[in-house]
Protein chains: 2
Amino acid sequence: MPSPAKTTDTQIIAAARKLVERRGRDGFSMKDVAAAVGIRAPSLYSRFAHRAQILASVEIEYWRQLERELARARTAGDPADALAAQARAYRAFAKAHPQGYGLMFDARAERTEEGTSARAGALAPTLPGFAALVAGGDAGDHARTLLAARVLTPFLHGFVSMELVGAFRLGGGLDEAFEYGVATILAGLRETGSHRTTRRRRRRHSRDVAH
Amino acid sequence: MPSPAKTTDTQIIAAARKLVERRGRDGFSMKDVAAAVGIRAPSLYSRFAHRAQILASVEIEYWRQLERELARARTAGDPADALAAQARAYRAFAKAHPQGYGLMFDARAERTEEGTSARAGALAPTLPGFAALVAGGDAGDHARTLLAARVLTPFLHGFVSMELVGAFRLGGGLDEAFEYGVATILAGLRETGSHRTTRRRRRRHSRDVAH
DNA sequence: ACCTGAACACCGTTCAAGT
DNA sequence: ACCTGAACACCGTTCAAGT
């Protein structure tokens, strides 16, 4: 005769997420999560292998939510405007879920198949914008699209994580700094997208400097 | 009659740093640190208030080391070249000390006066380069220098932390992507630095889009 | 199948006692 | 002043037992 289930995996993950958001990734115990869904800590182990797996599930939820918000933020028309709108949505997401954002980039997290694909998928809604910006109609130029994405995306992550950790200490408006950064990068990318030779020359130059 | 000291604060911090680099910020216990310097865990509390204070001391060491390496990487001549060289030094530092780098941007760290100033000082060696790049000889234009620094610096942090966490999954060379990002941003900044009106127009445009 | 209390091997930290 | 063992209140996790 099986014991009737008092809760569900979904409820457990939701409870854990709430605790993460309130007190951070280290701010809850298995006992806390269990109590939040009306069971005892050892019972969690019939559903999750260990604490890290619960955290990994919470992390995946955050990545999926970010993906939805980036997709929703995408506007029609000029690709640079669409990317700027998505950049603002990205920052807004991080500021709305500071603890969750920290979890998403925690190096100690588990490396699951599902987590890797959730993370990769989250930024997918921005790729058409980059393709339109730098490759024009040439949708097959995947390498150029990827290079462009890898300028703005790191800026976004770096800016918001520095902002969340309080690293901007020298004054000045951060909204303005963010807008300035996004505009500068998009202008730089648009320029390299419209002049292939300019871009080739610049890349060769960079390599010369590096080696 | 005092007990003779078996160790020093400096040795304790060095031992903790070694453990952090080997197993991460959560990978050592007070017992481990104490054993590494030949004492017992409770003795640490006559020197440090708690574990987080040891970690904070280790973190400060990393910030000071980064500052030294950025200062050393600075080259004479073209400011963009100097900044590119510092960008490479920044990335090399993060890849040489991945666990330490994670500690430096850990949101859970203590907020000490000394830590805040060590962090702020670490990026100071790049400021003259930004000033030369965007403000020309006008050393007093601090706001423009700061705006420029807040484009490249977040890119650097974002790129290396995404790289360390394994976030770049779509293939392509990361060395090339890094160089491309640095070159794109520096070109964008140099352009805004040489044409004040262009920059003013862009900033007003950004604000219009944001609000 | 799912839940439980008891137990295990840890943790950071406190404290009274030693020199 | 610095060090120590013992103790406290926790952890995550395991396990045998209950239904």
Exercise. What's the verdict on side chain to side chain contact (heavy atoms under 4.5 Å, CB included) for B:T112 and B:E59, showing C-alpha distance, side-chain angles and the deciding distance?
Worked result: CA-CA 11 Å; B:T112 71; B:E59 187 194 341; over 6 Å; no
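Nucleotide C:dC11 holds its C1' atom 16 Å from the CG atom of B:L19, rounded to whole Å. Per the geometry, CZ belonging to B:R23 stands 10 Å off P belonging to C:dC11, to the nearest Å.
Residues of residues 48-58 of chain A that place a heavy atom closer than 4.0 Å to DNA chain C do not occur. Contacts between residues 39-46 of chain B and DNA chain D, defined by a heavy-atom separation below 4.0 Å, involve B:I39, B:R40, B:P42, B:S43, listed by number.
Minimum atom distance to the side chain of A:M30 is reached by D:dT13, of the listed D:dC2, C:dG12, D:dT13.
Listed for the B:S46 side chain is a donor-acceptor partner under 3.5 Å among the backbone atoms of B:S43. Side-chain atoms of A:Q53 come within 3.5 Å of backbone N or O of A:A49 as a donor-acceptor pair.
Side chains of B:I60 and B:R64 form a contact here, defined as non-hydrogen atoms less than 4.5 Å apart. Contact check for B:M104 versus B:H97: no side-chain heavy atoms found under the 4.5 Å cut-off. When side chains are defined from C-beta on, A:R51 counts as touching A:F28, because their heavy atoms get closer than 4.5 Å.
Not counting sequence neighbours, B:F48 has no partner by the ring-ring contact (aromatic ring centres under 6.0 Å, His included) test. In this structure, the ring-ring contact (aromatic ring centres under 6.0 Å, His included) partners of A:Y90, at least two apart in sequence or on a different chain, are A:Y101.
Nearest approach of B:I13 to B:S57, heavy atoms of both residues: CD1-CB, 3.6 Å.
For B:R47, no side-chain nitrogen or oxygen approaches OP1 or OP2 of D:dA1 to under 4.0 Å.
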Please set out all donor-acceptor pairs under 3.5 angstrom arising from side-chain atoms of residues 66-75 of chain A, sequence neighbours excluded.
| from | atom 1 | to | atom 2 | distance (Å) |
| --- | --- | --- | --- | --- |
| A:E69 | OE2 | A:Q65 | NE2 | 3.1 |

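Stem analysis of DNA chain C (at least three stacked-register Watson-Crick or G-U pairs, each with both distances under 3.5 Å) gives C:4-8 with D:12-16, C:12-16 with D:4-8.
Between the side chain of B:S29 and the base of C:dG12, no donor-acceptor pair of N or O atoms lies under 3.5 Å.
Using cut-offs of 30° and 60° on the angle between ring planes, the pair B:F105 and B:W63 is perpendicular.
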